[in-house]
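Accompanying notes for the structure given below.
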Amino acid sequence: MRLLTHNMLSSNIKGVANGFPLKIEVVTVVEKEVEFNIEFLKKMFSKVEWKALAEASRTMGYTELPENADASMLDSDDFLHKFHHALLELHLEEGALVCPETGRKFPVNKGVPNMLLHEDEV
């Protein structure tokens, strides 16, 4: 699961008011090379919740992203490469996503998060 995916997911358990961002429990992280696309990164920047991305990348062992970012940083090749790596090349292969409010764990197996809810959670 890429951090791009993580940044778009939230817990939809009945009664949960704050299901974002999901915390990450890491078992295995894999790095997969992805073609660098500046235009894609520039378009995605405004859609990404930066603090959640930076925290998730640190949880996965990548500490190169700044704590805060703004659109002016998109002019820096160094910043774009770090953003690209965190957003698209880091993959949570095995682990769990954890609801910040309830602590419910959603397993991630072979890079696929299982966000299905139990009957009593819908």
Side-chain angles (χ1 to χ4, degrees):
M1 179 194 70
R2 293 177 176 157
L3 290 183
L4 171 61
T5 303
H6 170 262
N7 204 268
M8 304 296 165
L9 293 174
S10 65
S11 175
N12 291 315
I13 297 171
K14 177 176 59 178
V16 169
N18 184 23
F20 180 86
L22 295 165
K23 296 176 184 159
I24 297 177
E25 288 186 355
V26 175
V27 174
T28 307
V29 173
V30 175
E31 292 185 22
K32 298 179 183 179
E33 191 171 326
V34 175
E35 183 178 341
F36 185 70
N37 182 331
I38 291 174
E39 292 309 312
F40 176 78
L41 293 170
K42 288 182 176 183
K43 287 179 183 174
M44 288 307 299
F45 181 78
S46 64
K47 295 175 172 62
V48 168
E49 173 25 75
W50 187 263
K51 286 193 177 287
L53 176 64
E55 182 178 330
S57 69
R58 283 191 299 278
T59 300
M60 291 177 53
Y62 185 66
T63 59
E64 299 298 313
L65 289 183
E67 191 73 30
N68 297 296
D70 61 63
S72 69
M73 298 171 90
L74 295 173
D75 294 329
S76 164
D77 282 344
D78 184 54
F79 172 77
L80 286 170
H81 279 89
K82 290 174 181 178
F83 179 38
H84 166 81
H85 183 69
L87 193 68
L88 300 172
E89 295 184 329
L90 293 178
H91 289 253
L92 179 63
E93 194 68 16
E94 301 291 332
L97 302 176
V98 182
C99 175
E101 191 171 309
T102 66
R104 159 78 144 80
K105 293 183 182 184
F106 298 96
V108 177
N109 296 304
K110 297 180 183 173
V112 179
N114 180 348
M115 300 296 293
L116 293 175
L117 299 176
H118 300 279
E119 283 186 36
D120 62 336
E121 295 174 326
V122 289

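Taking the side chain to side chain contact (heavy atoms under 4.5 Å, CB included) definition, one finds that Asn114 meets it with Pro107, Leu116, sequence neighbours left out. In this structure, Ser46 has no side-chain hydrogen bond (donor to acceptor under 3.5 Å, both in side chains) partners at least two apart in sequence or on a different chain. The side-chain hydrogen bond (donor to acceptor under 3.5 Å, both in side chains) test applied to Glu25 returns Lys105, not counting sequence neighbours. Judged as a side chain to side chain contact (heavy atoms under 4.5 Å, CB included), and not counting sequence neighbours, the contacts of Asp78 are Ser76, Lys82. By the side chain to side chain contact (heavy atoms under 4.5 Å, CB included) test, Val27 is found to be paired with Glu94, residues two or more places apart in sequence or in another chain being considered.
Annotation for Ile24 and Ala56: closest pair CD1-CB, 3.7 Å, computed over non-hydrogen atoms. Heavy atoms only, all atoms of each residue included: Asn7 and Ala52 are closest at ND2-CB, 3.8 Å. Contact record, Phe20 with Leu9: CD1-O, 3.2 Å, taken as the closest heavy-atom pair. When all heavy atoms of Pro21 and Pro100 are compared, the pair lying nearest together is O-CG, 3.5 Å.
Annotation: the span from Leu90 atom CG to His84 atom NE2 amounts to 10.0 Å, rounded to 0.5 Å. Atom CD1 of Ile38 and atom CG of Leu74 lie 10.0 Å apart (nearest 0.5 Å). For the atom pair NZ of Lys47 and CD of Glu49, the computed distance is 15.0 Å after rounding to the nearest 0.5 Å. Atom OG1 of residue Thr59 and atom NZ of residue Lys23 lie 10.0 Å apart, to the nearest 0.5 angstrom. Atoms CG and CE, on Leu22 and Met115 in that order, are 5.0 Å from each other to the nearest 0.5 Å. Atoms NE2 and OG1, on His91 and Thr28 in that order, are 13.5 Å from each other to the nearest 0.5 Å.
Panel note: side chain Glu89, backbone Val34; a donor-acceptor pair is recorded below 3.5 Å.
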Working note: Phe106 + Val108, criterion side chain to side chain contact (heavy atoms under 4.5 Å, CB included); need CA distance, chi angles, decisive distance, verdict.
CA-CA 7 Å; Phe106 298 96; Val108 177; over 6 Å; no
For Leu3 and Val48: C-alpha separation, side-chain torsions, deciding distance, then whether side chain to side chain contact (heavy atoms under 4.5 Å, CB included) applies.
CA-CA 10 Å; Leu3 290 183; Val48 168; over 6 Å; no
Full working for side chain to side chain contact (heavy atoms under 4.5 Å, CB included) between Ile13 and Glu101:
CA-CA 10 Å; Ile13 297 171; Glu101 191 171 309; over 6 Å; no
Let's go through Leu4 and Met44 carefully: what are the C-alpha distance in whole Å and the side-chain angles of both, what is the deciding distance for side chain to side chain contact (heavy atoms under 4.5 Å, CB included) to 0.1 Å, and is it a yes or a no?
CA-CA 9 Å; Leu4 171 61; Met44 288 307 299; 3.4 Å; yes
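In this structure, Met60 and Glu31 have side chains that are not in contact, with every pair of non-hydrogen atoms separated by 4.5 Å or more. With a 4.5 Å cut-off on side-chain heavy atoms, His81 and Glu64 do not count as touching. Side-chain atoms of Met1 and Leu97, non-hydrogen and from C-beta on, do get closer than 4.5 Å to each other.
Under the 4.5 Å side-chain heavy-atom criterion for grouping Ile, Leu, Val, Met, Phe, Trp and Tyr, Leu65 is connected to Phe40 within one hydrophobic cluster. Using a 4.5 Å cut-off between side-chain heavy atoms of Ile, Leu, Val, Met, Phe, Trp and Tyr, with links allowed through other members, Val112 and Met8 fall into different hydrophobic clusters.
Judged as a ring pair (Phe, Tyr, Trp, His ring centres under 6.0 Å), the pairs with a partner in residues 47-71 (not counting sequence neighbours) are, in order, Phe45-Trp50, Trp50-Phe79, Trp50-Phe83, Tyr62-His85.
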